[in-house]
Amino acid sequence: IVLCDAQVSLVIFASSGKMQEYCSPSTTLNNILDKYHQQSGKRLWDAKHENLSNEIDRIKKDNDNMQIELRHLKGEDITSLHHNELMAIEEVLENGLASVRQKQMEFLTMMEKNDKMLEDENKQLNFELHQQEIIMENGYHQRVREYPPQMPFAFRVQPIQPNLQERI
């Protein structure tokens, strides 16, 4: 048999479970199966596949509706809307705006609270630093007084340092 310009598909299942398929370069397996379904009237897809296909179509339609609604909320394509639809959109936008303002106020309140806490902590740390400076200054004056007054502070005996010029 010579087949000219024929669309052919072949699916082979080996006993090992391996599958091989061939399809004419001018078509796809799905196209051939669709043609078979139309020509023979036999249902290739069961109810489960039909339900999944319907579910996909429903989800696509919902997605399209949400895209339209989103454009309306952005203020696009609103010339064809009726007064009631515009009022509903206005109410949704006002509620959204109120929520955004409330969230901003919560954020600002939190920032002010954090600023106050940081300011209080800074004051406390400055106070502690000042106390440490006073303690160190008093300790310094006490150590200076430990040396005899006739010997200037600059002439104290220093520990011996190794000569950095020499090599070992």
Side-chain angles (χ1 to χ4, degrees), residues 16-21 23 25 27-31 33-34 44-168:
S16 64
K18 213 173 180 184
M19 180 190 83
Q20 292 291 326
E21 72 176 75
C23 195
T27 188
T28 65
L29 182 59
N30 285 340
N31 289 343
L33 292 175
D34 286 341
L44 296 175
W45 307 110
D46 60 2
K48 179 181 176 183
H49 289 102
E50 191 70 32
N51 289 339
L52 288 175
S53 178
N54 291 339
E55 182 69 13
I56 288 172
D57 291 341
R58 186 190 64 77
I59 290 173
K60 284 181 181 178
K61 185 177 178 182
D62 286 348
N63 186 29
D64 291 342
N65 289 338
M66 287 182 189
Q67 291 291 334
I68 291 169
E69 186 176 340
L70 182 60
R71 281 198 309 273
H72 289 163
L73 290 174
K74 289 181 178 179
E76 300 170 1
D77 300 333
I78 59 173
T79 56
S80 63
L81 297 178
H82 296 293
H83 177 70
N84 291 340
E85 293 171 319
L86 290 172
M87 300 249 323
I89 290 174
E90 182 180 19
E91 184 178 341
V92 167
L93 290 173
E94 285 176 353
N95 290 340
L97 184 59
S99 295
V100 168
R101 285 186 178 147
Q102 179 183 358
K103 196 66 171 174
Q104 281 180 329
M105 289 306 296
E106 290 173 7
F107 182 75
L108 288 174
T109 303
M110 183 183 68
M111 292 295 292
E112 289 172 355
K113 182 179 177 183
N114 287 346
D115 285 349
K116 177 72 170 131
M117 286 173 38
L118 287 172
E119 189 176 306
D120 291 345
E121 185 177 358
N122 189 26
K123 287 179 183 177
Q124 178 65 30
L125 290 173
N126 278 331
F127 175 76
E128 290 176 14
L129 178 64
H130 182 68
Q131 294 296 322
Q132 289 294 326
E133 287 174 349
I134 291 173
I135 290 170
M136 288 185 69
E137 190 174 298
N138 287 340
Y140 173 76
H141 288 303
Q142 287 176 353
R143 274 187 255 126
V144 169
R145 286 188 218 129
E146 290 174 3
Y147 295 104
Q150 70 272 10
M151 182 183 287
F153 181 73
F155 294 114
R156 281 189 324 160
V157 177
Q158 299 291 322
I160 298 175
Q161 298 292 324
N163 187 351
L164 297 177
Q165 307 297 328
E166 295 177 9
R167 304 243 179 205
I168 298 178

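All values reported here derive from a predicted model rather than from experimental measurement.
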| message | Check Lys116 with Glu112, please: is the shortest side-chain N to carboxylate O separation under 4.0 Å? | response |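 No.
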
| query | Is a salt bridge present between Asp62 and Arg58, judged by a nitrogen-to-oxygen distance below 4.0 Å? | reply | yes

Are [X] and [Y] packed together at the side-chain level, in the sense that at least one heavy-atom pair is separated by less than 4.5 angstrom?
X	Y	result
Lys113	Thr109	no
Asp77	Ile68	no
Glu91	Met87	no
Asn51	Glu55	no
Glu119	Asn122	no

| Who passes side chain to side chain contact (heavy atoms under 4.5 Å, CB included) against Lys103, sequence neighbours left out? | Glu106

| task | Apply side chain to side chain contact (heavy atoms under 4.5 Å, CB included) to Leu97 and list each qualifying residue two or more places apart in sequence or on a separate chain. | result |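 Only Arg101 meet the side chain to side chain contact (heavy atoms under 4.5 Å, CB included) criterion with Leu97.
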
| request: Mind running side chain to side chain contact (heavy atoms under 4.5 Å, CB included) on Ile78 and Leu86 for me, showing each step along the way? | output: CA-CA 8 Å; Ile78 59 173; Leu86 290 172; 4.2 Å; yes

Find the distance between [atom1] ([X]) and [atom2] ([Y]) and round it off to the nearest 0.5 Å.
X	Y	atom1	atom2	value
Asp34	Thr28	CG	OG1	8.0 Å
Leu129	Leu125	CG	CG	8.5 Å
Asn84	Ile89	CG	CD1	11.5 Å

| request: Please name the residue in the list Gln131, Gln124, His130 that meets the side chain to side chain donor-acceptor pair (under 3.5 Å) test with Glu128. | output: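 That would be Gln124.
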
| task | Flag yes if more than 12 heavy atoms outside Met66 fall under 6.0 Å of its CE atom; otherwise flag no. | result | no

| request: Count the heavy atoms belonging to other residues, nucleotides or ligands that lie under 6.0 Å from CD of Glu85, then report whether that count exceeds 12. | output: yes

